[in-house]
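The block underneath contains the structure these notes are about, expressed in structure tokens.
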Amino acid sequence: MTSTFTVHDASGYEKLMGRWSQKLAPLFIDFAGISAGEKILDVGCGTGSLTFALLKAADLKEITAIDYSPVFVAETIRRSTDPRIKVEQGDACALAFDDGAFDRALALLVLHFVTDAGMAVAEMRRVVRPGGIVAASVWDHLGGMPGMRMMVDTVAALGEAGRQFRARYCFQPMMRPGEMKATFIEQGLLQVSETQLMIRMDYSNFDDYWSPIAAGEGPFGKFLSSLDAPDRARAEAAVREAYQAGQPDGPRSFANVAWACRGIAP
């Protein structure tokens, strides 16, 4: 089951999202829980934001990190220096592990890019031992990311293509209140709880905000790349105006909320 997330370059992803997932990872670990000596599966590891944060949080026995993207797998392997970390290419909807192989299966900012998120949750539950933990988080694109909504609302005002992109972006899987919790319950997980985690995304200037998008990274970068040159220039000018909001270019800070869900494997 392919991922719908577009990635061209690991450094571009870091500027687009990796630096923010690094800030979110410790909050997610606190919510998901972790204990020394455990075997953890990191589903959709990206460039290793959660993987490396886990090692700092507890003296774990082993972390297996998987991602569908070979770009992400190669980058996580390159960054990894701890023998307890194993990195593999893998499909969240068809995990290549035995039943009950892990103490916890965690997914940070992944399930909204999986076309069958329910299947991914079912697979995470399968590979966790009875009494083990399944936990995941996703951004709240509709109501919890004003910095990104500023971008998509701006292009939506420019034409039909932007409006169609906004509809897709704001209603990806697992983003509505209670949706991820309901999916966890449907897949048989017990004592399911859902919460919100918040960080701030701080940009030094418009270029810091825009450059990974212009390079084609992520959903918005993919959309921008689909436009012809005049429409791309028009979109950039409009988003720049929205970012600056009538003030000189420079630092901006945006609150960002992620849904997080946790359940126990029966």
If you take all heavy atoms of [X] and [Y], which pair is closest and at what distance?
{"X": "L108", "Y": "A25", "answer": "CD2-CB, 4.0 Å"}
{"X": "M150", "Y": "A242", "answer": "SD-O, 3.5 Å"}
{"X": "M174", "Y": "V138", "answer": "O-CG2, 3.3 Å"}
{"X": "F223", "Y": "A161", "answer": "CE1-O, 3.6 Å"}
{"X": "A255", "Y": "P146", "answer": "O-CD, 2.9 Å"}
{"X": "S35", "Y": "R104", "answer": "OG-NH2, 3.8 Å"}

Could you measure the distance from the [atom1] atom of [X] to the [atom2] atom of [Y]? Nearest 0.5 Å is fine.
{"X": "Q172", "Y": "T115", "atom1": "CD", "atom2": "OG1", "answer": "11.5 Å"}
{"X": "S21", "Y": "L50", "atom1": "OG", "atom2": "CG", "answer": "9.0 Å"}
{"X": "T195", "Y": "K181", "atom1": "OG1", "atom2": "NZ", "answer": "10.5 Å"}
{"X": "D91", "Y": "E123", "atom1": "CG", "atom2": "CD", "answer": "8.5 Å"}
{"X": "S225", "Y": "L227", "atom1": "OG", "atom2": "CG", "answer": "8.5 Å"}
{"X": "L41", "Y": "L95", "atom1": "CG", "atom2": "CG", "answer": "6.0 Å"}

Check E14, E75, Q22 against T47 for a side-chain hydrogen bond (donor to acceptor under 3.5 Å, both in side chains) and give me the one that passes. E14
Please identify which of these residues, K39, R129, K61, meets the side-chain hydrogen bond (donor to acceptor under 3.5 Å, both in side chains) condition with D103. R129
Please collect all ring pair (Phe, Tyr, Trp, His ring centres under 6.0 Å) contacts where either partner lies in residues 231-252, sequence neighbours excluded, each pair once. F206-Y243, Y209-Y243
Just by distance, do the side chain of [X] and the backbone of [Y] share a donor-acceptor pair under 3.5 Å?
{"X": "S49", "Y": "C45", "value": "no"}
{"X": "Q187", "Y": "F184", "value": "no"}
{"X": "R79", "Y": "G48", "value": "no"}
{"X": "R166", "Y": "V152", "value": "no"}
{"X": "E179", "Y": "R176", "value": "yes"}
{"X": "S211", "Y": "D207", "value": "yes"}
{"X": "N256", "Y": "F254", "value": "yes"}
{"X": "D98", "Y": "A101", "value": "no"}
{"X": "T76", "Y": "G46", "value": "yes"}

Is it true that W259 and F28 have ring centroids separated by less than 6.0 Å?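 Not close enough - the centres of the two rings lie 6.0 Å or further apart.
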Ring centroid separation for F220 and F165, is it under 6.0 angstrom? yes
Take atom CD of Q164 as the centre, draw a 6.0 Å sphere, and report whether it contains more than 12 heavy atoms from other residues, nucleotides or ligands. yes
Could you check whether atom CD of E160 has more than 12 heavy atoms from other residues, nucleotides or ligands sitting under 6.0 Å from it?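 Count over threshold, so yes.
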Treat each ILVMFWY residue as a node, draw an edge where side-chain heavy atoms are under 4.5 Å apart, and state whether [X] and [Y] are in one component.
{"X": "M151", "Y": "I199", "answer": "yes"}
{"X": "Y169", "Y": "W20", "answer": "yes"}
{"X": "V43", "Y": "I85", "answer": "no"}
{"X": "F102", "Y": "I264", "answer": "no"}
{"X": "I63", "Y": "F97", "answer": "no"}

Answer with yes or no whether the side chains of R200 and S253 bring together a donor and an acceptor at under 3.5 Å. yes
Will you find, in the side chains of E88 and T64, an N or O donor that is under 3.5 Å from an N or O acceptor?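 Per modelled atom types, E88 and T64 side chains form no pair under 3.5 Å.
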Validation row: [X], [Y] side chains within 4.5 angstrom (heavy atoms):
{"X": "M175", "Y": "M180", "answer": "no"}
{"X": "P251", "Y": "N205", "answer": "no"}
{"X": "L106", "Y": "I40", "answer": "yes"}
{"X": "L55", "Y": "R84", "answer": "yes"}
{"X": "V257", "Y": "W139", "answer": "no"}
{"X": "R149", "Y": "C170", "answer": "yes"}
{"X": "L158", "Y": "R234", "answer": "yes"}
{"X": "L24", "Y": "S137", "answer": "yes"}

Run the numbers on H141 and M148 for side-chain contact (heavy atoms from CB on, under 4.5 Å), then give the verdict. CA-CA 8 Å; H141 280 187; M148 296 296 107; over 6 Å; no
Could you walk me through whether L109 and H112 pass the side-chain contact (heavy atoms from CB on, under 4.5 Å) check? CA-CA 7 Å; L109 305 178; H112 46 325; 4.1 Å; yes
Residue set satisfying side chain to side chain contact (heavy atoms under 4.5 Å, CB included) with I77, at least two apart, ordered chain then number -> V73, V87
Identify whether the distance between the nearest side-chain nitrogen and carboxylate oxygen of D208 and R19 falls below 4.0 Å. yes
Whichever hydrophobic residues join L142 through chains of side-chain contacts under 4.5 Å: F171
Go through the steps for I29 and L54 under the test side-chain contact (heavy atoms from CB on, under 4.5 Å), then give the verdict. CA-CA 7 Å; I29 292 170; L54 285 165; 3.8 Å; yes
For E38 and I34, run side-chain contact (heavy atoms from CB on, under 4.5 Å): C-alpha distance rounded to whole Å, both residues' side-chain angles, the deciding distance at 0.1 Å, then the answer. CA-CA 8 Å; E38 289 186 331; I34 191 172; 4.0 Å; yes
